[in-house]
Amino acid sequence: MSRELEEEKVFKDPVHHSVFVQDPTVWKLINTPEFQRLRRIRQLGTSYLTFHGAEHSRFSHSLGVYEITRKIISQFERNGFVEWPQEERLVSLCAALLHDVGHGPFSHSLEQVFGTDHEKWTCDIILGDTEVNRVLREAQEGLPERISSVICKTYERPIVVSLVSSQMDADRMDYLLRDSYFTGVHYGAFDLGRILRVLRPYKGNIVVKESGMHAVEAYLMSRYQMYWQVYFHPVTRSSEIVLRSIFKRARALHDSGYKFGFLLPPLRSLFDGTLTVREYLELDEAMVQTAFGQWKHEQDPILSDLCRRFLNRDLYKYIPMASRDESWLAELRDEWRRIGLDPDYYLEVDTPTDLPYDVYKPETKQGGEDKPPILLLDDKGGLTEISAKSEIIRSIAGLQRGKYHVYYPEDRVREQARKLSPLTRERLYL
Ligand code: CA
């Protein structure tokens, strides 16, 4: 097997300008059906209903994460940093490319309803009977196992894990820039080139040269901005709630023996909890949206109404709630039933804290999901956690000022406003 492609391959990319592939294994992985499937899964799920430009795919993001990783490694190698283990190049590039290969359609919403886990699917795809697995095995004995352990964060060399998964990893740097570009929310921009120049391999980890602190501040500010402007956007949350209600309803119908006019085998297995890797790989957003188009005509009035809402972007209205008022919510559920609305599908209280994003947490906890902090490296080889030196970062670290919102179909509630209690009418501005 040749060590490099005869001629390097180049993908045009709006964020990185170009993505360069020199390694034949990476090139073969890109051309597997499992990786090509990512073209049919949007990076930001339902966000396109809020920001119409947000149609970019997990395919483009995955190439971007690969490209950032490649640039970081090249910088280490060009500068001859001996702390970078050069034999880890291929594992790192493949892990970066494949880290999202297990994402399904509208991943986050689906995971909430069906309890699936994209990280587990990623490892199942890398280790299972797939093209990806064959390409990796042919390249190097044990490569699939090494890559899946990088993705599970159990790999023996933490520096490789931190390239793909840390507080300042290739994954986050790519999605912030890419999501900013495609949503048109420009506060999300930061100087990637500068950050790539100040990263250093040090004591088995990746740290930042102290002079690069301001570039990292801009990166964390971008995270802060994107968090509030894009990822927590209440209209996006509303579309996720309608989407989750569709899947909750479809599964409940399926469980009760309802005969669907249209139900493709992978969706049936999803409802039954019997999905195989092969079936999982058939799921994509085109299939899900085709199902919604068909379910719009189902006999069940709730399912057809929810599908119509999602496809026509007739989403739920939201009102803020200072805190979770359980007694009012219980009453609201009763009132919903009284006006003929099933609160299991037409009422949702949402708090942003259950989203998989955070701005920055300086404290390190071992074992949990928390990732090591960003460390600054000074001239004398000393390390300092970044918020100890930066006031800007101190002020945004650990911020979680999530707001509660109540979501509901305003049209249906307004029709029946007379039957609601005075308190509810007042709170819902009816
Ligand atoms: Ca990712």
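All ligand and atom numbering here is 1-based and tracks the order in the structure.
For Phe35 and Phe59, the gap between ring centers is short of 6.0 Å. Taking the ring centroids of Phe247 and Phe292, they lie under the 6.0 Å cut-off. In summary, the aromatic rings of Tyr316 and Tyr318 are positioned with their centroids too far apart to meet the 6.0 Å limit.
Around the Ca ion (ligand 1), the protein N, O or S atoms found under 3.0 Å comprise His61 NE2, His99 NE2, Asp100 OD2, Asp171 OD1.
For residues 7-18, every residue pair satisfying the side-chain hydrogen bond (donor to acceptor under 3.5 Å, both in side chains) rule, not counting sequence neighbours, is listed here: Glu8-Gln22, Asp13-Arg178, His16-Asp174.
Ring geometry for Trp27 versus Phe11: interplanar angle of 30 to 60°, hence tilted.
Atoms CG and CG, on Leu347 and Leu341 in that order, are 9.0 Å from each other to the nearest 0.5 Å.
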